Structure formats: C-alpha cells, structure tokens
Amino acid sequence: MKVSVDEDRCCGAGSCVLAAPDVFDQRDEDGVVVLLAPEPAGHLHGAVREAADVCPAAAITLSGTA
Amino acid sequence: MTSHVLVVGAAAAGLSTAEALRRKGYTGGLTLLGDEPHHPYDRPPLSKQVLSGAWEPERARLRDDGVLAALDARFVLGDPAVALDVANRAVTTASGLTLRADAVVLATGVRPRTLPDQAGLAGVHVLRTLDDALALRADLRPPARLVVVGDGVLGAEVAATARGLGVETALAGPQAAPLAAQLGPLASGLLADLHAGHGVRLRLGSAVLGLTSRDGRVTGVRLDAGDVLPADVVVVALGSIPNTDWLAGSGLELDNGVVCDARCRAAEGVYAVGDVARWHHEDLGVALRLENRTNATEQAGAVADNILGTDRAYVPVPYFWTDQFDARLQVHGVPSGADVSVVDGDVEARRFVARYERDGRVVGVLGWNMPKQTRQHRARLLAPIR
C-alpha cells in the first residue's frame with residue numbers, strides 16, 4: 001500500500017491522526033497533514049484505510065492492493 | 001442477513017456509507033442513487049477553491065474512477081428518488097426505476113432556503129451544488145456589486161472569496177457579527193474585523209426583507225432598517241431545508257429531517273445519514289441534525305455498523321471548520337452561549353485556541369489558525385470521537 005496526501009486539500013481537521021497516529025501527523029504551524037509512513041506496514045493498513053475514508057477533505061489517496 | 005444495500009444520495013454522506021460498509025467487510029450488493037448527474041463531489045471547496053477558480057470542478061471530485069470502481073457499487077446518477085415503500089424497502093425514481101434492498105440509507109441532504117421573491121430573477125444565486133458554484137463564479141467579475149444575504153458560515157465564506165476576486169461585496173444579516181450564534185462574541189467579533197479589514201461592507205443587525213429588481217434582474221436588497229443595498233449579484237445563504245418531500249406519505253416521521261433513533265434508524269431496515277438525518281444524541285439527550293462535512297463521514301460509520309449488526313449509538317462531538325481570508329477556524333463541540341477563555345496562543349497574533357464552558361463544563365473548543373493544537377486540546381477537553 002502506498003499513501004499520498006494533497007496538502008492543498010487538507011483542512012487540518014486531524015481526523016487522520018486520530019485514526020492512524022503511526023502514519024499521519026500535522027504540522028505545528030498550520031495543521032496541514034504530515035505523512036510519516038508513505039508505505040505503511042501491513043498491520044496499519046486497516047487504520048490507514050479508515051483515515052483515508054474519514055478525511056473530511058478527501059486529501060488522502062491510497063494505491064496498491066496490499 | 002443483509003445482501004443488498006441501497007443508498008439514496010450520492011454525495012459525501014452516501015459515498016461514505018458505502019465506503020464504510022466495504023471497509024467493515026460487507027461484500028453484498030451496493031447501489032448508490034443520485035439526483036445529480038455528477039460523480040460524488042465535495043461541497044466545502046465550492047464556496048472557496050471552486051468559486052474562486054483556483055480549482056477546476058474536476059478537482060472537487062471525492063474519489064477518482066479507479067477508487068469508485070474498487071468500491072464495486074452500482075451508481076444510478078441523474079435520477080432523483082420520488083417515493084419510498086418502507087415495508088418493502090423499495091425506492092422509485094423519477095425515471096420509473098424501482099430499486100429494492102434489504103437496507104435503505106437515506107442520504108438526500110438539504111436544499112437552500114430562498115427568499116420568496118427571488119424565483120426567476122437574474123443575478124440571484126444560491127450555493128449548494130457544483131452547478132450553483134459555476135453559475136455564481138461566472139457572475140462574480142468586477143465591477144459587479146455583490147450582496148451576500150446571510151451571516152452564517154456559507155455567507156461569510158462566499159463574501160471572503162468574492163473579495164479575493166476583487167468584487168465589491170456587502171454582507172447582510174440579522175446577527176451582530178458573522179457566525180455570532182455559533183461562535184459567541186469573541187471569535188465572531190474577530191471575524192467581523194477580518195471581513196471589514198478586507199473591505200467587506202458589513203450591514204449586520206438588520207433583517208433582509210426582500211429584493212428589488214428591474215426587467216427581471218436583481219437591483220438590490222431591501223433591509224428592514226429601511227434602505228436598499230444596491231446589487232448586481234445576490235447570493236442567498238439563509239440556511240437549508242432537509243430534502244424529505246419525496247418521503248411524504250412513506251410513514252416515516254419527518255420533522256426538520258428524517259427522525260431517527262439513537263442508531264440513526266428511521267424504521268426497520270431504513271436509516272438516515274448526513275444533513276438530512278435528525279437522530280437522538282444519547283449523551284446530549286436531544287434530537288440533533290448536523291449540517292457539516294465531518295458529520296457526513298462520522299455518521300456514515302455508525303450507520304454502516306448498525307446495518308452490519310453492530311449495535312452502536314451515534315454520539316459524536318460536533319465539528320466544523322471554516323476558511324475565510326487568512327483565517328482557518330476549527331470548532332469542536334457546541335461553543336455557543338458559553339464562557340470563553342484562551343488556553344493557547346495569542347488573540348492579538350490571530351493564532352489561538354479558546355475553551356468554552358457552560359455551568360462549569362467544557363462544551364467547546366475553538367481554534368484560530370492553530371489546527372494541530374486545537375485537536376490536541378479537544379482530545380484533552382472533550383469526549384473522544386469513539
């Protein structure tokens with residue numbers, strides 16, 4: 001699984017950090033998403049899928065099947 | 001056992017429900033019925049990036065074709081639902097289709113409230129759909145004079161975007177400051193300063209009586225203070241009406257939305273989600289209907305769980321955000337009518353987090369240009385999301 005984020009779309013809600021704190025963080029200054037793990041380990045995939053689905057700005061895109 | 005789910009409404013709440021079902025392991029049939037011809041798109045950018053022209057409409061799409069294909073759902077678009085047979089869980093569409101399912105999810109959203117005299121008048125807009133945004137964008141060119149009617153989130157965002165385009169803009173509404181009811185005097189006062197500082201003419205504290213026109217085109221907005229604000233373009237942003245007309249006669253209880261229990265269930269096998277759903281919030285002890293983007297996804301998760309047999313009450317901490325000029329506001333909980341204190345940052349620097357208390361209890365957290373810190377304070381001060 002590969003994760004990409006669109007910083008322009010990000011609204012700083014932090015939903016992704018709540019769903020998958022090992023994969024996402026936010027910048028201190030403006031709250032924009034920081035991608036900690038672009039290719040997260042398998043045990044994190046469920047949480048990452050949830051983070052992508054619940055992002056209120058649809059700023060997270062997943063690719064790859066695993 | 002549920003082997004087919006029909007979602008009526010193909011915007012954020014409907015799509016999120018379908019995605020949540022799949023994420024939680026549902027492998028049965030899935031149909032999304034939408035009244036607009038467009039694939040699911042996002043609404044928050046409509047009053048900002050799409051309206052300003054910074055984004056082409058395509059960019060507001062919620063998911064690309066590949067992601068939608070992977071959802072393995074049937075999309076029936078451009079065909080509004082016209083009737084629901086609750087006992088048989090069957091929906092009839094305008095084109096004459098009948099769609100049956102084991103579970104039906106009502107996600108038909110809301111439509112804008114309008115002024116009685118705006119119908120058919122050129123230059124008058126509402127902003128709910130992508131097509132609305134594009135029509136308004138075409139009219140927002142200097143030297144057009146814009147009057148925004150409505151001092152809530154949408155009205156204030158439209159005014160900010162229009163000023164950014166160099167359009168002469170006035171904002172009219174009954175409150176003392178934009179978003180005063182949602183934010184209280186401190187933050188709404190700062191918003192008023194922000195708008196005035198960017199050249200928005202604030203005509204607040206006065207109700208709008210109606211419009212003036214000549215030869216079928218709007219010419220102004222009449223205030224109860226007695227004067228008329230001249231206008232070439234008017235945006236009416238006076239709130240919304242739940243899209244439940246098509247459910248009249250279905251037997252469902254309709255009262256400012258589809259009335260649901262704490263599980264977002266309107267009847268056996270029938271659920272409601274998003275802007276149209278009025279459900280019983282168990283923690284707050286009230287019937288609540290939230291019109292915001294995060295509610296669409298969070299409530300979708302609860303509805304998916306309940307469809308799949310996990311008994312789950314939906315008890316969110318309400319949350320919305322708004323971007324106006326250089327201000328990014330995050331609002332958790334229900335901060336209105338409460339005592340406010342700044343807990344982080346600095347109001348003078350326009351970068352702070354405020355805590356709202358009522359009867360000694362924290363009821364809200366508001367952030368102004370401090371999103372990360374706001375989330376952290378919210379986690380400490382308010383109940384967790386789940």
Side-chain angles (χ1 to χ4, degrees), chain A, chain B residues 12 15-25 40-45 48-49 54-55 59-64 66-67 70-71 292-301 304 319-323 326 328-332 351 367 369-379 384-386:
Chain A
M1 174 191 276
K2 285 188 181 166
V3 185
S4 59
V5 296
D6 182 342
E7 291 190 3
D8 285 352
R9 293 190 82 106
C10 177
C11 65
S15 311
C16 55
V17 189
L18 294 169
D22 295 326
V23 179
F24 302 99
D25 196 1
Q26 291 176 272
R27 289 203 298 244
D28 287 339
E29 63 273 22
D30 60 6
V32 167
V33 59
V34 175
L35 185 57
L36 303 174
E39 296 186 36
H43 71 281
L44 298 171
H45 287 185
V48 172
R49 255 182 223 108
E50 184 185 354
D53 286 356
V54 303
C55 171
I60 300 167
T61 305
L62 309 180
S63 57
T65 48
Chain B
L15 178 67
S16 293
T17 306
E19 290 183 332
L21 283 166
R22 291 294 190 226
R23 192 173 68 243
K24 294 166 190 289
Y41 60 86
D42 209 10
R43 293 190 204 282
K48 301 177 280 284
Q49 294 94 333
W55 288 12
R59 201 160 166 206
R61 270 187 73 160
L62 279 166
R63 307 287 183 238
D64 65 26
V67 174
L71 191 59
N292 65 58
R293 182 62 183 79
T294 42
N295 182 62
T297 46
E298 290 182 15
Q299 193 165 21
Y319 166 79
F320 74 93
W321 81 94
T322 176
D323 298 333
D326 62 353
R328 169 165 284 186
L329 274 68
Q330 319 266 330
V331 184
H332 299 272
R351 198 170 138 72
N369 283 338
M370 279 190 118
K372 179 177 181 175
Q373 298 81 356
T374 306
R375 172 179 57 78
Q376 292 167 336
H377 283 286
R378 169 234 149 98
I385 279 180
R386 43 178 190 273

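Per chain, numbering begins at 1; letters A, B, ... match sequence-line order. For clarity, every value in this text was computed on a predicted model and none was experimentally measured.
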request  = With a 4.5 Å cut-off on heavy-atom pairs, point out which of A:Val32, A:Asp8, A:Leu62 contacts chain B the most.
outcome  = A:Asp8
query = In terms of heavy-atom pairs under 4.5 Å, which option from B:Arg351, B:Met370, B:Lys24 contacts chain A the most?
reply = B:Arg351
request  = Sort out for me which of B:Glu19, B:Arg23, B:Gln373 touches chain A most, counting heavy-atom pairs under 4.5 Å.
outcome  = B:Arg23
ask   = Which heavy-atom pair separates B:Arg59 from A:Arg9 by the least distance, and what is that distance?
value = O-NH1, 2.6 Å
message = Is A:Ala52 close to chain B through its backbone or its side chain, or both, or neither, when contacts mean heavy atoms under 4.5 Å?
response = backbone
message = With no hydrogens and no angle check, just 3.5 Å: does a side-chain donor-acceptor pair link A:Gln26 and B:Arg375?
response = yes
message = Taking side chain as everything from C-beta outward and backbone as N, CA, C, O, which of these in B:Ala300 sits under 4.5 Å from a heavy atom of chain A? Side chain, backbone, both or neither.
response = neither
Worked check of salt bridge (Lys or Arg N to Asp or Glu O under 4.0 Å) between A:Asp30 and B:Lys372 = CA-CA 7 Å; A:Asp30 60 6; B:Lys372 179 177 181 175; over 6 Å; no
remark   = Honestly, the part of B:Gln376 sitting under 4.5 Å from a heavy atom of chain A is neither
message = Counting only non-hydrogen atoms closer than 4.5 Å, does B:Arg63 touch chain A with its backbone (N, CA, C, O), its side chain (CB onward), both, or neither?
response = side chain
request  = I would like to know whether B:Lys48 and B:Asp323 meet salt bridge (Lys or Arg N to Asp or Glu O under 4.0 Å); could you show each step before the answer?
outcome  = CA-CA 8 Å; B:Lys48 301 177 280 284; B:Asp323 298 333; 5.5 Å; no
task = Specify the closest pair of heavy atoms between A:Ala51 and A:Ile60, including all atoms of both residues, with the distance to one decimal.
result = O-CD1, 3.8 Å
task = Examine whether an atom of B:Asp42 lies under 4.5 Å from a heavy atom of chain A, and if so say whether it belongs to the side chain, the backbone or both; otherwise answer neither.
result = side chain
key: B:Phe320 portion near chain A, given a 4.5 angstrom heavy-atom threshold   = neither
message = Do A:Val48 and A:Val23 have side chains that approach each other closer than 4.5 Å (heavy atoms only, starting at C-beta)?
response = yes
key: Check: B:Trp321 and B:Asn292 side chains under 4.5 Å, non-hydrogen atoms   = no
